[in-house]
Amino acid sequence: MPDDSQAGNFIREIVATDLKTGKHGGRVVTRFPPEPNGYLHIGHAKSICLNFGIAQEFGGSTNLRFDDTNPSKENLEYVQAIQDDVRWLGFDWENRMFYASDYFERLYLSAVHLTSKGKAYVDSLSADDIRRYRGTLTEPGKDSPYRTRSVEENIDLFARMRAGEFPDGTHVLRAKIDMASPNVNMRDPTLYRIRHAAHHRTGDAWCIYPTYDFAHPLSDAIEGITHSLCTLEFEDHRPLYDWVLKESDAQCHPQQIEFARLNLSHTVMSKRKLLDLVEKKLVAGWDDPRLPTLQGLRRRGYTPEAIRAFCEHIGVAKRDGVVEMALLEHFIREDLNRRAPRVMAVLRPLRVVIDNYPEGAEEDLEAINNPEDPNAGTRKLPFSRTLYIEHEDFREVPPKKFFRLTPGQEVRLRYAYIIQCVSIVKDDRTGEVLEVHCTYDPETRSGGPQAGRKVKGTLHWVSAAHALEAEVRLYEHLFLKADAGDVGEGLDYTANLNPNSFERLTGCQVERTLAAAAPLSRYQFERQGYFCLDPDTSDQKLVFNRTVALRDSWAKIEKTQQER
RNA sequence: UGGGGGAUCGUCUAGUGGUAGGACAUCAGCCUUUGGAGCUGAUUACCGUGGUUCGAAUCCACGUCCCCCAGCCA
């Protein structure tokens, strides 16, 4: 059986080759290095699956490392949420959780070492001047007047920076590389900056903080990382990554490998935009079920298994692209189809009275919990004279190919009887259908003598007297266009927000077994989609989120009929 | 116009000189007590132009287009 999940990707190939040649002493150690300045999203899931997956595959290990070198953006809330999310996704860093801030002292010593070698210097230009001196993409930069300070002066100044003698922005430590380099990242990049800010872990022990370019390669080396996987935009930082390791006499030299980050259609993935949506209250929070955050997907009802399968399937390459949301939806449907118990739930109830069913009578009918899983068993569904069916399952004047309830057309009530519409009760003023009267054929009870009779449609239903009321929240794509950033002149991505991405349905009628539903447990509402119990559920109120609708071929038929 | 990357079905991805394959999506059909699921089939791709070769997505040359970089963010 050809299985594309077994297909090699270029990173696996590199690692396999390195293992063969003994490049890193036969070890494979990767790391997942989030900055705790936001919540993890499905793009991070790709990186997590890649890093942990590669290590698992080759018998190596993976560290979780918080890249916490910028105290002004980072906090503990994020540190905790990230751990929670990685664990939820199904990965275990065992005892290997680290922080770049754990290494601040060693990083400082490395900086002193570089300085004493004449490979770093304290610059006292303003940030603006540093930018001016850097040149442009097409013109070389020029040396800072402070570039020629003596080693002694640099050492002294850097020590005093650490000691807190200078306000923010007055000095930085820079690598001394080449102001004329065609790679602007090599034009004496900043290694340390002064920030009189409390750090979420080190408090006020430090007022100078290393930059990513300095801290990252050294943190990797300290941890003995063999393969440092990152996204494409760091590609032209690689010469700097290598420079830092070489000049710092690092004990090992991890290999940085870049891959394309995940983009998903109909959503946004940048931390900035996600934060923006949350802060402007355009969504309900980081766990809003419309967001591609792991917390949002979890609340929406996504399973870790589905997300992992998705990440495995999309592969890893260097060309950037946009994965269709439909692919993600495919994987959650596939997973939930196998495991979600089926239940009856009527979202927009229409009252149905079975005129020839004895008043006051009721009976229990047997229903299969999951046709895909024989072990899931069966349950009893109460049936009575007054039922609810889906409002859209009845049409007084049916369009072509409408196989549901309509005057004169028999339909089956799932696991129950075949019924037929005999009359309609309408609102005199609005003409709205309020109630449908039907007759049933007692011979057609499930398992009965006439049960096999062919009818075009089968409807889900609940018994009015036995059903529970629930709130159901429906979600659509957060953005109208596949590319959220595709907006007109002068507009930003929020112009593409889908005004109908959230719809709250109240007065839904669900079968009573749902009273026992556990938080975040997932169900298939027959003929509707997959739903999970929202944490907003209370003793008073059941609340469900629609994870994803079932594929709906009738909707397609109807749509093409309307287009004609 | 400097540097670094990248171009294969609509989308994502295999391919490493020898039949361009898979998944999603789309469209048909079968089946069905979920218009679900499942099954079958179909459509659709090597950025362009030259060259090397018996043979090129793959090697070479010249183009074209797209992405990233001028934070004391990561």
Restricting to pairs with a member in residues 35-46 of chain A, which pass salt bridge (Lys or Arg N to Asp or Glu O under 4.0 Å), not counting sequence neighbours?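 Every candidate salt bridge (Lys or Arg N to Asp or Glu O under 4.0 Å) pair involving residues 35-46 of chain A fails, so no pair, neighbours aside, qualifies.
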Hey, do the aromatic rings of [X] and [Y] have their centres closer than 6.0 Å?
{"X": "A:Y212", "Y": "A:F234", "answer": "yes"}
{"X": "A:Y39", "Y": "A:H44", "answer": "no"}
{"X": "A:F259", "Y": "A:F10", "answer": "no"}

Under 4.0 Å between a side-chain N/O of A:R193 and OP1 or OP2 of B:A74, yes or no? yes
Presence of A:R195 side-chain N/O under 4.0 Å of B:C73 phosphate oxygens OP1/OP2: yes
Electrostatic pair A:K380:A:D364 at N-O distance under 4.0 angstrom: no
Report the distance from atom [atom1] of [X] to atom [atom2] of [N], rounded to the nearest whole Å.
{"X": "A:L240", "N": "B:A70", "atom1": "CG", "atom2": "C1'", "value": "15 Å"}
{"X": "A:Y192", "N": "B:C73", "atom1": "OH", "atom2": "P", "value": "14 Å"}
{"X": "A:D178", "N": "B:G3", "atom1": "CG", "atom2": "C1'", "value": "13 Å"}
{"X": "A:Y241", "N": "B:A74", "atom1": "OH", "atom2": "P", "value": "15 Å"}
{"X": "A:D483", "N": "B:U11", "atom1": "CG", "atom2": "P", "value": "13 Å"}
{"X": "A:N337", "N": "B:A37", "atom1": "CG", "atom2": "C1'", "value": "5 Å"}
{"X": "A:M161", "N": "B:C72", "atom1": "CE", "atom2": "C1'", "value": "9 Å"}

Pairing string, 5' to 3', for RNA chain B - Watson-Crick or wobble contacts under 3.5 Å, brackets [ ] where pairs cross, | to another strand: .((((((..((((....[..)))).(((((.......)))))....(((((..]....))))))))))).....
For B:G71, does the glycosidic angle fall within 90° of 0 (syn) or outside that (anti)?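 Syn, since the glycosidic angle lies within 90° of 0.
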Heavy atoms from C-beta onward define the side chain here; which of [options] lies closest to that of [X]?
{"X": "A:R414", "options": "B:G6, B:C72, B:U34", "value": "B:U34"}
{"X": "A:R551", "options": "B:C73, B:U1, B:U26", "value": "B:U26"}
{"X": "A:I130", "options": "B:A74, B:C72, B:C27", "value": "B:C72"}
{"X": "A:P182", "options": "B:G2, B:G35, B:C12", "value": "B:G2"}
{"X": "A:S553", "options": "B:A25, B:U33, B:G36", "value": "B:G36"}

Check: A:I11 and A:L229 side chains under 4.5 Å, non-hydrogen atoms: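 Yes; the side chains approach each other to less than 4.5 Å.
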Look at the aromatic rings of A:F525 and A:F531 and report parallel, tilted or perpendicular, splitting at 30° and 60°. parallel
